Amino acid sequence: QVQLQQSGPGLVKPSQTLSLTCAISGDSVSRNSAAWNWIRQSPSRGLEWLGRTYYRSKWYNDYAVSVKSRITINPDTSKNQFSLQLNSVTPEDTAVYYCARDILNGDTEWGQGTLVTVSS
Amino acid sequence: SALTQPASVSGSPGQSITISCTGTSSDVGGYNLVSWYQQHPGKAPKLMIYEGSKRPSGVSNRFSGSKSGNTASLTISGLQAEDEADYHCCSYAGSDTYVFGTGTKVTVL
């Protein structure tokens, strides 16, 4: 049974960096056929795919154009987890953030969600 | 940009409803890679349909998916109270990116 457990602060100040971690149990971040995603949801923007990391003999990242200049998703094989960093946040980045495996095939799994508020 | 869904759809118990998800030839119309998610308040989305029309194990056969041109559709037949939730479509959008729909609130009257 795969589980994704999210952790990270729920409050971030404007202009600072939002950092979240998604710990994986029951699967491997390095599995050659999986992709590990970050998605966020806000009342104004709905669900928004942010990016993903995956391993296919080497590590790859793909990012949404809307956040490409500010986002980094990194795998951590020693802890079997992956992380999200979003720089220079504004109140517009306030949302529930989800990590998820493989969002377009039948093997998807999602984390529990983390509400992150950007406020001073 | 986000795929277009109706803001709300409603139906009576036992009826069938259909939710549309309209994109472009660069996303919905270009690939057979549309998923549908159900989301109850305060919960993470749950996969109901993937690759346009496939149901994951455990999902009721009252849920079905289809596509015509640039529009994907989710049909819920035999509507039940527990189907009241938000529904979101998601499509591959080329260049290794994905796009979600605007979301639809389903109300069971």
Side-chain angles (χ1 to χ4, degrees), chain A residues 1-6 10 20 22 24 33-56 58-69 71 73 95-116, chain B residues 1-8 19 21-23 26-28 30-59 63 65 67 72 85-105:
Chain A
Q1 179 79 6
V2 178
Q3 288 193 338
L4 304 181
Q5 182 66 40
Q6 299 176 217
L20 296 173
C22 183
I24 304 163
S33 55
W36 305 93
N37 300 264
W38 285 100
I39 300 111
R40 67 182 178 184
Q41 184 175 30
S42 63
S44 59
R45 301 162 78 116
L47 284 167
E48 180 183 14
W49 177 78
L50 298 177
R52 63 176 184 167
T53 189
Y54 56 99
Y55 184 75
R56 302 289 185 270
K58 68 174 186 176
W59 288 101
Y60 293 87
N61 292 103
D62 299 306
Y63 299 128
V65 169
S66 60
V67 295
K68 195 165 190 172
S69 63
I71 189 173
I73 296 176
V96 176
Y97 286 76
Y98 292 99
C99 61
R101 181 187 71 182
D102 294 331
I103 63 173
L104 276 192
N105 66 29
D107 221 11
T108 189
E109 291 289 343
W110 288 56
Q112 79 275 22
T114 302
L115 173 60
V116 179
Chain B
S1 55
L3 308 175
T4 301
Q5 298 180 233
S8 62
I19 304 166
C21 170
T22 301
S26 296
D27 38 60
V28 174
Y31 311 91
N32 198 25
L33 291 172
V34 174
S35 293
W36 287 92
Y37 286 88
Q38 177 192 67
Q39 187 179 28
H40 287 107
K43 300 294 188 181
K46 174 189 175 185
L47 184 69
M48 307 303 283
I49 295 288
Y50 68 100
E51 293 178 10
S53 60
K54 297 179 181 178
R55 272 188 312 274
S57 173
V59 171
F63 292 84
K67 191 184 86 167
D86 293 330
Y87 291 82
H88 309 273
C89 59
C90 179
S91 174
Y92 180 67
S95 302
D96 296 315
T97 64
Y98 304 104
V99 61
F100 280 93
T102 50
T104 298
K105 181 176 180 58

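Atom set for the values below is all heavy atoms of this structure, side chains included, hydrogens, waters and symmetry mates excluded. Nothing here was measured: the structure is a model prediction, and the numbers come from that model. In what follows, chains carry the letters A, B, and so on, assigned in the order in which the sequence lines appear, proteins first and then strands, with residues in each chain numbered from 1.
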- Are side-chain heavy atoms of B:Cys90 and A:Leu47 found at a separation under 4.5 Å? no

- Message: Can you tell me which portion of A:Tyr60 sits under 4.5 Å from chain B's heavy atoms? Options are side chain, backbone, both or neither.
- Response: neither

- Message: Give the interface residues of residues 41-50 of chain B toward chain A, defined by a heavy-atom separation under 4.5 Å.
- Response: B:Lys43, B:Ala44, B:Pro45, B:Leu47, B:Tyr50

- Under a 4.5 Å cut-off applied to non-hydrogen side-chain atoms, are B:Tyr98 and A:Ile39 in contact? no

- Contacting region of A:Arg45 [heavy-atom separation from chain B under 4.5 Å]: neither

- Message: Are there over 12 heavy-atom neighbours, none belonging to A:Gln3, within less than 6.0 Å of that residue's CD?
- Response: no

- Counting heavy-atom pairs under 4.5 Å to chain B, which of A:Asp62, A:Val65, A:Leu115, A:Val96 comes out on top? A:Asp62

- Distance from B:Asp86 atom CG to A:Gln41 atom CD, nearest 0.5 Å? 7.5 Å

- Query: Checking heavy atoms, do the side chain of B:Ser57, its backbone, both or neither come under 4.5 Å from chain A?
  - Reply: neither

- Compare all side-chain heavy atoms of B:Tyr31 with those of A:Leu104 and state whether any distance is below 4.5 angstrom. no

- Looking only at heavy atoms, what is the nearest atom pair of A:Thr108 and B:Tyr37, with distance? OG1-OH, 3.6 Å

- Query: Which heavy atom of B:Asp96 sits nearest a heavy atom of A:Trp49, and at what distance?
  - Reply: O-CH2, 3.5 Å

- Message: Please report the interatomic distance OH(A:Tyr98) to CD(B:Gln39), rounded to the nearest 0.5 Å.
- Response: 4.5 Å

